[in-house]
There are 2 protein chains.
Amino acid sequence: MRSTGSKAASAPKLDLVARLRGAGLRPTRQRIALGRLLFSGIDRHVTAEALHLEAARTGAELSLATVYNTLHQFTTAGLLRQVFVDGEKSYFDTNTGDHHHFYAKDRETLIDIPGDAVVIDGLPKAPAGMDIERVEVVVRLKPKA
Amino acid sequence: MRSTGSKAASAPKLDLVARLRGAGLRPTRQRIALGRLLFSGIDRHVTAEALHLEAARTGAELSLATVYNTLHQFTTAGLLRQVFVDGEKSYFDTNTGDHHHFYAKDRETLIDIPGDAVVIDGLPKAPAGMDIERVEVVVRLKPKA
DNA sequence: CAATAGATTAGAATAATTCTAATGTAAGAA
DNA sequence: TTCTTACATTAGAATTATTCTAATCTATTG
Ligand SMILES: [Mn+2]
Ligand SMILES: [Mn+2]
Ligand SMILES: [Zn+2]
Ligand SMILES: [Zn+2]
């Protein structure tokens, strides 16, 4: 097992710093804290409020405004995307590739559906002057009868 | 051309009254005004604010709270459905059948895609304990480059 | 370090929507 | 018809999610 001289635990932090720099974002304490929560392997669907709480629980101190700023900056930078399934809150998705979602309204839960599994046929072509930016499928779930 | 003794112009109003009664809703002045705007043939995608303005322009006097109440009552009654494409405002759709949408963010415009034209293959089955309530496709549009 | 562009923050502000509690009205009974 | 009342409407206050402001920090570079 080879490694640089740096502590093992900080390797992901270094990756994250590089990632932020690559996106033109300064690697501040707050962005690193949120980036760690968001980009530690598992794909996630978060709400600003929920992420703020989670950051607070892990000891990070940052304002909700910063969470919003950061989520938007990450989104603009292509590190996150937004998913619209509910009028109340916005969800931010760490999976920026083409994929779809199950949404269980009663649990406020999003589950990924891999994009390559799904084939959509028969879509009309985009109206004149418009291009298709992305095709999103949301499968709404309800508790089994 | 046969008809009852009623004035021709009021026929749609009578239909509407029947429709409201059938949904268990009293045919009040406000509900009739909104129902006329919503259910006069063409399928529509409206915002509470926009519908309120439109009603005001056609001379109806009713509060924005009533527009929200009515849209929700109509939705619960199955006369409308909601479409989620944007975090800022909710859209209500007079087309309650299975169908999909183009959404042009830059124009805040929804366009129907008939449901029977579209075939979606390869969706995983619903997670345990859940049933699929509906499958919605949103095709996001951007102005042609 | 010093300078500064960029970032964070508390709290005010805004936008959409919902709630409250007072007032009005549709519909059936008498 | 008029009475009764359950249901509906309303103005305005309240709530929630989110954004803005303008003051205070800090990452970066020289
Ligand atoms: Mn909202
Ligand atoms: Mn909102
Ligand atoms: Zn996802
Ligand atoms: Zn539609």
Side-chain angles (χ1 to χ4, degrees), chain A residues 13-14 16-37 45-56 59-77 79-80 82-92 105 108, chain B residues 13-14 16-37 45-56 59-77 79-80 82-92 105 108:
Chain A
K13 170 139 98 175
L14 292 179
L16 183 53
V17 168
R19 202 157 176 194
L20 293 173
R21 285 232 167 78
L25 297 170
R26 288 185 182 175
T28 64
R29 176 171 54 80
Q30 293 85 343
R31 284 173 184 161
I32 288 167
L34 296 179
R36 275 178 156 167
L37 293 174
H45 304 97
V46 302
T47 257
E49 188 76 39
L51 185 62
H52 184 228
L53 266 169
E54 185 176 341
E61 300 196 358
L62 78 181
S63 74
L64 182 57
T66 297
V67 175
Y68 276 106
N69 289 339
T70 302
L71 287 172
H72 286 135
Q73 291 153 356
F74 284 5
T75 299
T76 299
L79 268 34
L80 292 176
Q82 267 188 282
V83 183
F84 303 102
V85 284
D86 178 282
E88 313 306 300
K89 353 196 154 190
S90 338
Y91 290 86
F92 292 82
K105 188 192 328 227
E108 302 198 339
Chain B
K13 171 141 95 175
L14 292 179
L16 183 53
V17 168
R19 202 160 174 189
L20 293 173
R21 285 232 167 79
L25 297 170
R26 289 185 180 177
T28 65
R29 177 170 54 80
Q30 293 85 343
R31 284 173 184 162
I32 288 167
L34 296 179
R36 276 178 156 166
L37 293 174
H45 305 96
V46 302
T47 257
E49 188 75 41
L51 185 61
H52 183 228
L53 266 170
E54 185 177 339
E61 299 195 359
L62 78 181
S63 74
L64 182 57
T66 297
V67 175
Y68 275 107
N69 289 339
T70 302
L71 287 172
H72 285 134
Q73 291 153 356
F74 284 6
T75 300
T76 299
L79 269 33
L80 293 177
Q82 265 187 282
V83 183
F84 303 101
V85 284
D86 179 281
E88 312 306 300
K89 352 194 155 195
S90 335
Y91 290 87
F92 291 82
K105 189 192 327 230
E108 303 199 336

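Chain letters run A, B, ... following the sequence lines, proteins first, then strands; residues in each count from 1.
We find that CG of A/Leu64 is positioned 14 Å from C1' of C/dA12, with the value rounded to whole Å. Between B/Leu51 atom CG and C/dA16 atom C1' the separation is 15 Å, expressed in whole Å. The nearest whole Å value for the distance from the CD atom in B/Gln73 to the P atom in C/dC19 is 13 Å.
Listed by residue number, the members of residues 19-29 of chain A with any heavy atom below 4.0 angstrom from DNA chain C are A/Arg26, A/Thr28.
Residue A/Ser90 places at least one side-chain N or O under 4.0 Å from the OP1 or OP2 atom of D/dT18. A/Ser63 has a side-chain polar atom (N or O) that falls below the 4.0 Å cut-off from OP1 or OP2 of C/dT9. Residue A/Gln30 places at least one side-chain N or O closer than 4.0 Å to OP1 or OP2 of C/dT9. Here A/Tyr68 reaches the OP1 or OP2 of D/dT18: one of its side-chain N or O atoms lies under 4.0 Å away.
Not a single salt bridge (Lys or Arg N to Asp or Glu O under 4.0 Å) links A/Lys105 to another residue, sequence neighbours left out.
Contact detail for B/Leu16 and B/Gly35: the closest heavy-atom pair is CD2-C, 3.6 Å. The minimum heavy-atom distance linking B/Ala77 with B/Leu25 is given by the pair CB-CD1, 4.4 Å.
Judged by distance alone, the side chain of A/Arg19 and the main-chain N or O of A/Leu79 form no donor-acceptor pair under 3.5 Å. Judged purely by atom type and a 3.5 angstrom limit, A/Thr28 uses its side chain to pair as donor or acceptor with the backbone of A/Arg31. With hydrogens and angles ignored, the 3.5 Å screen pairs no side-chain donor or acceptor of A/His52 with any backbone N or O of A/Thr66.
Side-chain rings of A/His72 and A/Phe92 approach one another, their centers coming within less than 6.0 Å.
Of all nucleotides listed (D/dT18, C/dT18, D/dT10), C/dT18 comes nearest to the side chain of B/His72. Candidate nucleotides D/dT10, C/dT17, D/dA17 were compared by shortest atom distance to the side chain of B/Leu62, and D/dT10 ranks first.
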Find every protein N or O atom lying less than 3.5 Å from an N or O atom of nucleotides 20-22 of chain C, and list the pairs.
none

